[in-house]
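Accompanying notes for the structure given below.
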Amino acid sequence: MFLKTRVLAVAVAVTGAVVAVSMAGVAQARDQIKIVGSSTVYPFATVVAEKFGKSTPFKTPVVESTGSGGGLKLFCAGVGDRHPDITNASRRIKKSEVKRCAKNGITDIIEVKVGYDGIVMANSKKTEVFTLSLKDVFLALARDIPAGEGKTIANPYKTWKDVNASLPDTRIEVLGPPPTSGTRDAFVELAMEGGCKTFKWIKAMKKKNKKAYKSLCHTIREDGTYIEAGENDNLIVQKLNANPKALGIFGYSFLDQNADKVQGSVINGQKPTFENIADGKYPVSRPLFFYVKKDHIGVVPGIKEYMAEFTNDKAWGEEGYLTDKGLIPMSDEERADWNGKVKTLANLNM
Amino acid sequence: MIEQVDTVKRQKRMADLRDKRHKAEVRFRRIGVAAVSVGLIFLTVLFGVVLASGLSAFKQTYVQIDVAVDAEGDNYQGMVKRGLREYFPEVKKRRDKRKLYALVSSEAPYRLKALVEENPGYRGKAVSLWVRAGADVDMFVKGEISRALPEDERRLKDRQIAWVDSLEDDGRVETRFNWHFFTSGDSREPELAGIAVAVLGSLFSLLVCLALSFPLGVLTAVYLEELATRNRWTDFIEVNINNLAAVPSIVFGLLGLAVFLNVFELPRSAPMVGGMVLALMTLPTIIITGRAALKAVPPSIREAALAVGASPLQAVFHHVLPLAMPGVLTGTIIGTARALGETAPLLMIGMVAFVVDLPETILSPATALPVQVFLWADSPERGFEERTAAAILILLAFTILMNLTAVLLRKKYEIRW
């Protein structure tokens, strides 16, 4: 009997408290920056957010990892408290996304390029380093491969040796991100297309029949040689350790942090090192961006200061703390250029 | 004669059959024992692995550094760096200096700043303070980075190891219990990352979840079981409730996104919304177990109450419900324990986020325990491996605690008829 009264009293008290607290909360405007977007930029944006929170009176921004596409969708949903202020992207904003933004009243967007990220193909340290060319990568992973001028066949290659006689006689087995990932987009565009273009007739096709060109160069085979291993790059590193014959595709920062377990393959004669990616010698690297909603500057406190923290040489410079986390910095001129755009709050120019 | 033979034969056949049945029983028992042992082995291995990799996260390496505090100015970073350089005067090259600075955590300047602001008397003097070691040094001191590896295969270089050794010889390296892990929010530096935001977020979410689902669920169960007349409508509702209990949790997340965020315009990443989504998820469980508990109360109780003149409502609320409460509470706790471990619905409403500041209200951004596990498992820094395991340990501890409460409640208040 006594149980009933006590339990009901507690339930009523908790409900009351919850309602009271939520009422108090709704009335407040947001005083904390909200950031969404790419999982590749997430490790860098979070470091900046943390430093920003510690060294300024502003609250630490909340950073969500939603993927580049998901982030831009949220970002372009509207202006106001419940929409994010900033979105990170591991590719440039698309024209269709700018249009969607404009439709929802977001016409002023500030674009900031933060640096580069290299995409590496790596394997376990227990085996030999792979020396690949982009052509090898394309021939090993494309669904259809060229068979003479203007003709294609379904990819028949089973081992790396089939692709290129100088490669080892092991089965082609590549662990990589799923199609929702920005890393996958960039890999397809830079590595696959890069290898695809080495065939002259395909390159010529780009102008005449762009659709056919894209479907040939951008389609990864689905016969089990390319294994979608999820967005978790750590998992790929662990799987490589367990399966020394496989290759994995992930961001440079994971190679940097796990140098004792995995080694990056040489691509087109270039090792995936910090210097090679920064110089642009390593062929598979992509720019990283974040986009700021101009209408929120001055409404949500701290956005300008956050941008200043990110674009400070202490952060994104050659000796900055972001390079410790694996960001490949831009050249001095490029940094100065983007810094100027941030200072003047210049609008995005497609 | 013939009959006798028949009897003997029959007896033998019976005995054979009996033996066969006995053997079948023994076989079944053995299979059962084997199944349970395999399960236990898996559990032990799982616990063992998590414990082995997680326990070290509860310890943290500290390094003592001497810093000459400037008479004025607030370049605390510079002061800490100068302190390190003066301790190891042989370090001259830029590259080596960077390695040297990595010995201490990036929070060292903030610690110094807080200290000096509290005691302005330290200005212009040399102070000696203990600061957290950098993540790599921490891993090395705890034995997670092996000295035996070739230099280019480990994060901590030979020179750094030599520096750590000399600091250790001077008694300037210590491992202490890592209180910080329980009192701070997320961080990108493993040595600074803590679980407090996730614990608070989970707590807030579960409170909201309970506040909504418990009264609603119990009242629904009481109405459906005790007061509603059986007709097509109640049957339809019952089928739907049973269906809802089996709906994958991500669907509730999508519902939360569409209704709570887009229509009600509640903030993203808030434990309040998380609790509301989790409440939707636990409601069917509470209703179903609540009804079962009410059904288990014998009709004689109701009839006795009605016989002495109680109204049906009085019979239910004064007699049946209190007797069914232990069962209802058990169901509620088990439902909530399941909600504690959910990540998928929280993903959709933005609770999978990097949150450093502790949440003040149920509308401030926060994460939840399983979400924190997910986020740390995804981080490239090696130091997060042990943090991930430690977060799993804490999550498991909470789940065990809740389930234990459920068992104890049942033991204490359960009445057998």
Side-chain angles (χ1 to χ4, degrees), chain A residues 1-4 7-8 11-12 14-19 21-22 24-26 28 30 32 34-36 39 42-43 45-47 49-51 53-55 59-66 74 81-82 84 125 231-235 237 251 253-254 256-261 319 321 324-326, chain B residues 94 98 102 106-107 110 145 149-150 152-155 185-189 192 207-208 210-212 214-215 218 261 265-270 272 275 317-319 321-322 325-326 328-329 350-357 360-365 374-375 377-382 384-385 413:
Chain A
M1 197 68 95
F2 72 97
L3 239 179
K4 176 201 74 179
V7 165
L8 283 186
V12 168
V14 169
T15 320
V18 165
V19 171
V21 171
S22 53
V26 167
Q28 285 172 1
R30 183 150 62 83
Q32 193 168 23
K34 288 217 171 173
I35 303 171
V36 292
S39 53
Y42 173 88
T46 45
V47 176
E50 195 180 341
K51 295 255 177 197
K54 268 192 190 154
S55 56
K59 281 189 177 173
T60 311
V62 173
V63 189
E64 249 187 85
S65 160
T66 60
L74 287 168
D81 243 17
R82 62 196 191 88
K125 281 223 147 177
E231 294 254 17
N232 187 329
D233 290 355
N234 258 349
L235 206 65
V237 172
S253 54
F254 282 83
D256 189 36
Q257 294 282 345
N258 293 288
D260 54 340
K261 285 185 184 163
E319 299 276 313
Y321 57 75
D324 292 342
K325 293 283 172 194
Chain B
R94 241 171 101 95
R98 275 171 73 87
S106 63
E107 58 122 32
Y110 302 103
I145 295 179
L149 281 171
D152 62 334
E153 291 184 12
R154 54 177 140 77
R155 296 271 304 158
D186 201 359
S187 168
R188 289 294 307 157
E189 310 299 330
L192 300 178
L207 278 182
V208 173
L210 267 181
L212 291 172
F214 183 70
V218 173
L261 294 191
E265 308 206 346
L266 288 167
R268 272 180 86 80
S269 319
M272 162 132 159
F317 279 96
H318 292 182
H319 301 280
L321 188 57
M325 234 1 153
V328 174
L329 285 182
M351 279 185 87
V352 182
F354 176 75
V355 185
V356 177
D357 299 335
E360 286 151 11
T361 69
I362 51 172
L363 283 169
S364 334
F374 171 74
L375 283 173
D378 208 11
S379 301
E381 290 83 3
R382 195 60 76 69
F384 277 116
E385 267 177 31
Y413 294 108

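In what follows, every chain begins at residue 1, and chains take the letters A, B, ... in the order their sequences are listed. These values consider heavy atoms only, across backbone and side chains, with no hydrogens, waters or symmetry-generated copies.
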The side-chain contact (heavy atoms from CB on, under 4.5 Å) partners of A:Gln32 (sequence neighbours excluded) come to A:Lys59, A:Val62, B:Asp357, B:Pro365
Sorted by chain and number, sequence neighbours left out, side-chain contact (heavy atoms from CB on, under 4.5 Å) with A:Pro43 holds for B:Arg188
Most contact-rich option vs chain B, by heavy-atom pairs under 4.5 angstrom, among A:Val237, A:Ile35, A:Val36, A:Thr46, is A:Thr46
Taking all heavy atoms of [X] and all of [Y], pick out the closest pair and write down the distance.
| X | Y | result |
| --- | --- | --- |
| B:Asp378 | A:Phe254 | O-CZ, 3.6 Å |
| B:Ser106 | A:Lys51 | CB-NZ, 3.8 Å |
| A:Lys54 | B:Glu107 | NZ-CB, 4.2 Å |
| B:Ala353 | A:Tyr42 | C-OH, 4.4 Å |
| B:Leu261 | A:Arg82 | O-NH1, 3.1 Å |

Applying a strict 4.5 Å limit to non-hydrogen atoms, the region of A:Pro61 in contact with chain B is backbone
Applying a strict 4.5 Å limit to non-hydrogen atoms, the region of B:Ser364 in contact with chain A is neither
So, the part of B:Glu385 with a heavy atom under 4.5 Å from chain A: the answer is side chain
side-chain contact (heavy atoms from CB on, under 4.5 Å) between A:Glu64 and B:Val355, worked out
CA-CA 9 Å; A:Glu64 249 187 85; B:Val355 185; over 6 Å; no
Distance col, row A:Asn258:CG vs B:Arg382:CZ, nearest 0.5 angstrom, shows 5.0 Å
Indicate yes or no: at least one non-hydrogen side-chain atom of A:Leu74 is less than 4.5 angstrom from one of B:Arg268. yes
Q: Please report the C-alpha distance between B:Tyr110 and A:Ser55 in whole Å, then the side-chain angles of each, then the deciding distance to 0.1 Å, and finally whether the side-chain contact (heavy atoms from CB on, under 4.5 Å) criterion is met.
A: CA-CA 8 Å; B:Tyr110 302 103; A:Ser55 56; 4.0 Å; yes
